[in-house]
Asker: 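Got a structure for you, questions after.
Keep in mind it's a predicted model, so treat the numbers as computed, not measured. When a ligand or atom number is given, it counts from 1 through the structure's own listing order. All values below were derived from every heavy atom in this structure, side-chain atoms included, with hydrogens, water molecules and symmetry-related copies excluded.
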Amino acid sequence: MTLDTHDFIAIESRLGAHNYKPLDVVLTRGEGVWVYDIEGNRYLDCLAAYSAVNQGHCHPKILAAMVEQAGKLTLTSRAFRNDQLALLYEELAALTNSHKVLPMNSGAEAVETAIKAVRKWGYEVKGVPDGQAEIIVCADNFHGRTLGIISFSTDPDARGGFGPFAPGFRIIPFGDAEALEAAITPNTVGFLVEPIQGEAGVNIPPSGYFKRVREICTAHNVTLILDEIQTGLGRTGKLLAEEHEGIVADVTLIGKALGGGFYPVSAVLSNTEVLGTLKPGQHGSTFGGNPLACAVARAALKVLVEEGMVENSARLGAYFLERLKAMRSNLIRDVRGRGLMLAVELHPEVGGARPFVEALRGKGILAKDTHDHTIRFAPPLVITREEIDWAMERIEPVFTASAA
Ligand SMILES: *Cc1c(COP(=O)(O)O)cnc(C)c1O
């Protein structure tokens, strides 16, 4: 008996926790920017798994690296060494100009790791009294779903009913450097921030913000932690989004596309001073740095660079943005983006983006609404100009013709 779309949805609904509300499309195959459902329909993937599939679905070279490594050695734990980890360190450090690397699995784990390391640095190097370390974060942040991280979320859905929460965080508005300076105390050890707030709706801070943030952090001996889990690895048209701002973070978090869409791999990148505070036994992960993860990440980085995906993101992101901006629609309040991290924000009176996302899906485009009235367009970085033209032929009528 073969299951149809309705059957899959019914089973999920009956047996699964309902912590997501996915579009009712059951995907079974992917290649490059395209995904296919079990009914044989083809869609252009404009979410790219929240930027975890920057290299495109089932990239053949990452697949080959994964299969090869899977047949050799997959997991040793960090109790022993493996012959992939050192090579990942070397390649990642060279590519990002980092001094030290700490591999983890999910993005949230990288964020938690950074919080721990920066607190420890605060006590051991900066001289903050024990238990008093403070980390400053921004309103509307998204850094993951663990208890530590939701403790400083401002999203009622992310926090509601999950307390008690971890202390030691201060929240300031995003994009306001003077608010940062005002919030710093002698106990401030770090400022954790996204270069562009992705989940909040692709919020781009005012130009010059990060230059000022960098100056303030340096002046007050506060560690600047950039969460590049979504913006990093080419998404915004640079390898790291910090390059747009002409700054260098003290700690950089990457994840998502580091695993090329195949495997969860994340990493904390830093200088010796911060990561050097972690001594044997003080932090770890059974799967972090395993040889399969390392082989996949090495291939994911290699194709990103070798196949010019970062440059493609810059060039075609600019083209896609121009095309989206050229839409004449009184439903649209703003179109913004950097590289292939784009968003169309609708007027609040329109009453939610979900019907537009459903309409797009009907035309063969998979996109996702964020925060009620914003739709993100963030396809894999391998998209071509022709594919963007194809997409615009379908996107434009959804916003201009329909009275939805
Ligand atoms: C996705 C994301 C995370 C969390 O990553 P997970 O792998 O889902 O734990 C953290 N920060 C940012 C900016 C993200 O986009």
Asker: Check Phe142 against ligand 1 and report side chain, backbone, both or neither, counting heavy atoms closer than 4.0 Å.
Answerer: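 Near ligand 1, Phe142 shows its backbone as well as its side chain.
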Asker: Charged N to carboxylate O under 4.0 angstrom, Glu307 versus Lys61?
Answerer: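 Looking at Lys61 together with Glu307, the answer is yes, because their closest N to O distance falls below 4.0 Å.
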Asker: Gln230 heavy atoms, cut-off 4.0 Å: which ligand 1 atoms fall inside?
Answerer: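 Counting from 1, the qualifying ligand atoms are 15 (O).
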Asker: Measuring from atom 11 (N) of ligand 1, which candidate in Ile254, Asp227, Val193, Leu253 has the nearest non-hydrogen atom?
Answerer: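 Looking at heavy atoms only, the winner is Asp227.
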Asker: Within 45° of the axis and under 6.0 Å from the centre of the six-membered ring of Tyr43, does NZ or CZ of Arg361 qualify?
Answerer: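 No, cation not above the ring by the 6.0 Å, 45° rule.
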Asker: I'd like to know if the side chain of Ser266 reaches the main chain of Ser106, judged simply by a donor and an acceptor atom lying under 3.5 Å from each other, with no hydrogens or angles considered.
Answerer: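 Such a contact is found between Ser266 side chain and Ser106 backbone.
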Asker: Could you tell me which atoms of ligand 1, counted from 1 in the order shown, lie closer than 4.0 angstrom to a heavy atom of Ser106?
Answerer: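 Listed by number with element, the hits are 7 (O), 9 (O).
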Asker: May I ask you to list the atoms of ligand 1 that are less than 4.0 angstrom from any heavy atom of Ala108?
Answerer: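 So the atoms of ligand 1 that pass are 4 (C), 5 (O), 6 (P), 9 (O).
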Asker: When rounded to the nearest 0.5 angstrom, what is the spacing between CG in Leu258 and CZ in Arg298?
Answerer: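 Between Leu258 CG and Arg298 CZ, I get 12.5 Å after rounding to 0.5 Å.
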Asker: I'd like to check which ligand 1 atoms, numbered from 1 as shown, lie under 4.0 Å from a non-hydrogen atom of Ile229.
Answerer: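 Answer, ordered by atom number: 2 (C), 3 (C), 10 (C), 11 (N), 12 (C), 14 (C).
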Asker: Check each of Ala110, Gly144, Gly107 against atom 5 (O) of ligand 1 and report the one with the nearest heavy atom.
Answerer: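 Among Ala110, Gly144, Gly107, the closest heavy atom to atom 5 (O) of ligand 1 comes from Gly107.
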Asker: Between Asp389 and Arg323, does at least one N-O distance fall below 4.0 Å, as a salt bridge requires?
Answerer: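 Salt bridge between Asp389 and Arg323, a charged N being under 4.0 Å from a carboxylate O: yes.
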Asker: Using 4.0 Å as the upper bound for N to carboxylate O, is an ion pair formed by Lys116 and Glu109?
Answerer: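 Salt bridge between Glu109 and Lys116, a charged N being under 4.0 Å from a carboxylate O: no.
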Asker: Considering both backbone and side-chain atoms of Lys256, is one of its nitrogen or oxygen atoms within less than 3.5 Å of a nitrogen or oxygen in ligand 1?
Answerer: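 Lys256 vs ligand 1: N/O contact under 3.5 Å present.
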